[in-house]
Amino acid sequence: MHKKRDIIVQLAKKAAANAKMIVNEFSSYTEPEKLLAYKEIICNLTSYNEDVTDWDEYGDPWQLIYVFDGDDSTNVVCESYSKAFQYLCDLSDITCYTVSGIMSGGTGAGPHMWNIVANNGKYYLADITNSDEGTVGAGGGLFLDTPLSGSISKGYT
């Protein structure tokens, strides 16, 4: 029992150390440059898990760790992308919120998780999942984009 727990603890520590290395690597960059770098790194570290069919709820505590675990074969869902981005922003003292809602397209209709990030006094949408290769926002249209309407408290369109 202790051996399994020790392995899990070591994996979590490794993931945290890897995330801190990323933040340290970009510490001298401007805030917009950091945000772009974090998006690119997260998309390079993992791939979207096309095989997930159970969308009943979020809350897998390993979703954050999967991005930074060093395993190239790990595939994740939007929860991982958004929580990893949130974590890097938190380590960098960048205001970032993780939000969830219903998506009608992108990686598939249904529950989705993404971020809202503050930059220069304005708030921007940051959909890291749908900014990955082969997705609707791969060209940057869903990263640091301003919403058509809405607010943090009332929701976005």
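Throughout, residue positions are numbered sequentially from 1 according to the sequence presented.
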Asn18 and Met21, any side-chain heavy atoms less than 4.5 Å apart: yes

Between the OG atom in Ser80 and the CG atom in Asp69, the distance rounded to the nearest 0.5 Å is 9.5 Å

- Beyond-backbone contact of Ile42 with Phe85, side-chain heavy atoms, under 4.5 angstrom: yes

Nearest heavy-atom approach of Lys39 to Ser131 is CD-CB, 3.7 Å

Point to revise | Flag side-chain contact, heavy atom, 4.5 Å: Val99 against Asn115 | key: no

When rounded to the nearest 0.5 Å, the distance separating CG of Leu91 from SG of Cys96 is 11.5 Å

Ignoring hydrogens and geometry, is there a side-chain-to-backbone donor-acceptor pair from Ser100 to Met113 under 3.5 Å? no

For Ala84 and Leu64, the nearest pair of non-hydrogen atoms, with its separation, is CA-CD1, 3.5 Å

Ring-plane angle category for Trp114 and His112, please: parallel below 30°, perpendicular beyond 60°, tilted otherwise.
parallel

So CG of Asp93 and CD of Glu31: to nearest 0.5 Å the spacing works out to 9.5 Å

When every non-hydrogen atom of Cys43 is compared with those of Ile128, the smallest separation belongs to SG-O, 3.7 Å

Discussion item. Quick one, Cys89 and Leu35 - any side-chain contact, counting heavy atoms below 4.5 Å?
Written reply: yes

Of all heavy-atom pairs linking Ile65 and Ala12, the shortest is CD1-CB, 3.8 Å

Output for pair (Asp90 CG, Thr95 OG1), nearest 0.5 Å, gives 9.0 Å

Between Gln86 (side chain) and Thr98 (backbone), is there a donor-acceptor pair under 3.5 Å? yes

Interatomic distance, NZ@Lys83 vs OH@Tyr66, rounded to 0.5 Å, equals 11.5 Å

Only residue of Asp71, Val77, Val76 satisfying side-chain contact (heavy atoms from CB on, under 4.5 Å) with Thr46 is Val76

Q | Tyr81/Asp132 under side chain to side chain donor-acceptor pair (under 3.5 Å): CA gap, chis, key distance, verdict | A | CA-CA 10 Å; Tyr81 285 91; Asp132 205 350; 2.5 Å; yes

Parallel, tilted or perpendicular: ring planes of Phe68 versus Tyr87, cut at 30 and 60 degrees = tilted

query = Which word best sums up how the rings of Tyr38 and Phe26 line up, parallel for under 30°, tilted for 30 to 60°, or perpendicular for over 60°?
reply = perpendicular

